[in-house]
Each structure stands twice: as C-alpha cells, then as structure tokens.
Amino acid sequence: MKIIDISMAITPEIMVYNNNPEKRPKIWLTATHEKNGIQETRISMDAHTGTHMDAPLHMIDGGDTIEHTPLEKLIVPCRVLDFSHIKEKISAEDLKQKEIHSGEFILLKTRSSFSDDFDFNFVFVDESGATYLKDKAIMGVGIDAPGIERSQPGHETHRTLLGHEIPIIEGLRLAHVDEGEYVLIALPIKLNTAEAAPMRAILLPAGSLTE
Ligand SMILES: [Zn+2]
C-alpha cells in the first residue's frame, strides 16, 4: 500500500515558532554503545513543535485535553485542499470554492509546505474561514503552516474551532501531496492532561478504510 508521510522530522534544527531558541527541541544521548553498551535518547520539546494536534484546552480554560480527542476523528477519510497560490490568508470566500461538506476532515496545503524556514507571514485561516468551517461542522482541520492562525490577537480562529471540538493539526508537510481524497491517520501521543501533543501523520489512498 502506498503510504504518504506528511509529518515533520523532529531534529534540533526543526523550524520553531518565531524562531524562538527556547522552543527548539533538545535531543541528547543518556547512554551510548561506547560507554554503556546500549543507546538511549532523551528529548525535551514543546508540545507545539513540529507536526502536532491542538486540543480545546490550548485556548479554552477548562477545555478538554489531548488524550480525550476521539480516535474516531483521527483515522478518517480526508480531503487535501490546495491553497498554495494564496498569499496572505484563507478566508470563507476561498473555502467556499472547494464545496466543503459536513463531517469532512480537511487538510489545507499552503506555501508553508515548500519551505523549512519559519515564515513570519505564513498563510493562515482567518476568523471568517474558521466560522465557515465550524458552520460546515467539519470533523477536523489540518494545515501545513506552523500555526492555523496569526495576526488575530483574540485567537478567534483557534477559539472558534476548538470551542466546537474541532481538532486542529498544525505543522503538516504537504508539498508532495496533490489536492484530492485520502485516508488520514493522525495520532497525537497520549500526553495526558496536555493541551497539545506531537504526532506522526500519514495519508493512505482514498478507500483504504473499510467502513
Ligand atoms: Zn499548536
């Protein structure tokens, strides 16, 4: 079966939000073959680094945590929408062109997939776009940008989606993926009580799920 990896590699050099050095993962060896006869690695990283999922608690006080995201929402048919031509932001008007249906899991491909550097002007989903997706009652949304939102001080996009229990995946890699239908498998690690968690996300050919 063809499996398409749409995850970022986690390395000490990975792109991090605002290029903030504190957010860079630290990865080091606590045991080596030379000294210990085995190898063991320790990591220290922000839960929002690389490909990850946001849970409601990220933006909503008392909101649900990442381990409660229903697994039924994370192994699902999905549709990749190509917005790589868009320069600034994805609005309701842009999404309307794609005829989004209730219950769809939508992945948004933007120009972010084509660079490994942090872009301070990354393409994001504005409040009108988030409201449109919420009104369509989508199952979930993912984007390749380092965040689904910027330049909205009230975090309206996150709040609108997470407030309606629509999980958000950020930091996908979609340059090698064409617009179209797939099966998404996107499982955040079981980081109990956290507001987010890193994940490995993959796509399978449409129809791989037997309903
Ligand atoms: Zn996040």
Side-chain angles (χ1 to χ4, degrees), residues 6-26 43-71 73-74 78 80 83 89-90 105-113 115-127 129-131 133-134 138-174 184-202:
I6 53 170
S7 320
M8 265 189 216
I10 296 169
T11 70
E13 298 80 33
I14 192 174
M15 169 219 301
V16 291
Y17 210 90
N18 285 346
N19 292 330
N20 178 351
E22 285 182 11
K23 289 184 183 285
R24 288 205 186 285
K26 293 178 185 65
I43 63 172
S44 164
M45 66 180 271
D46 195 295
H48 298 263
T49 293
T51 309
H52 69 280
M53 176 166 283
D54 287 347
L57 181 62
H58 182 36
M59 289 287 159
I60 294 155
D61 197 6
D64 221 341
T65 50
I66 195 71
E67 77 278 15
H68 290 129
T69 311
L71 294 174
K73 290 186 173 184
L74 304 178
C78 80
V80 174
F83 288 113
K89 59 186 187 174
I90 299 169
F105 204 115
I106 295 296
L107 302 183
L108 305 169
K109 176 179 176 178
T110 74
R111 61 184 158 79
S112 275
S113 275
S115 169
D116 292 327
D117 297 325
F118 184 80
D119 175 1
F120 285 86
N121 297 310
F122 67 79
V123 171
F124 66 105
V125 177
D126 76 0
E127 185 180 6
T131 301
L133 293 174
K134 180 262 291 178
I138 60 164
M139 183 169 300
V141 61
I143 193 164
D144 49 8
I148 199 165
E149 172 172 31
R150 64 170 174 83
S151 304
Q152 297 186 143
H155 306 294
E156 291 84 355
T157 292
H158 273 92
R159 287 183 188 286
T160 299
L161 296 167
L162 296 176
H164 291 83
E165 269 147 34
I166 296 170
I168 301 169
I169 305 172
E170 296 170 326
L172 290 167
R173 296 287 84 186
L174 297 170
L184 170 69
I185 301 179
L187 300 173
I189 62 170
K190 203 168 181 178
L191 195 58
N192 277 20
T193 74
E195 81 297 336
M199 64 160 59
R200 185 72 175 264
I202 60 172

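Numbering of ligands and ligand atoms starts at 1, following listing order. The structure presented is a predicted model; accordingly, all values stated were derived computationally and were not measured. The residues of the chain are indexed from 1 along the displayed sequence.
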Between Asn192 and Thr65, is any pair of side-chain heavy atoms under 4.5 Å apart? no
Tell me which N, O or S atom from Glu170 is the closest to the Zn ion (ligand 1). OE1
Is the distance from the Zn ion (ligand 1) to the nearest N/O/S atom of His48 under 2.8 Å? yes
Would you name the N/O/S atom of Asp54 that lies closest to the Zn ion (ligand 1)? OD1
Could you label the plane-to-plane angle of the Phe122 and Tyr17 rings as parallel, tilted or perpendicular, counting under 30° as parallel and over 60° as perpendicular? perpendicular
Out of Thr160, Ile166, Ile138, Thr157, which residue meets the side chain to side chain contact (heavy atoms under 4.5 Å, CB included) rule with Leu133? Ile138
Can you tell if the side chain of Ile10 reaches within under 4.5 Å of the side chain of Met8, non-hydrogen atoms only? no
In His52, which N, O or S atom comes closest to the Zn ion (ligand 1)? NE2
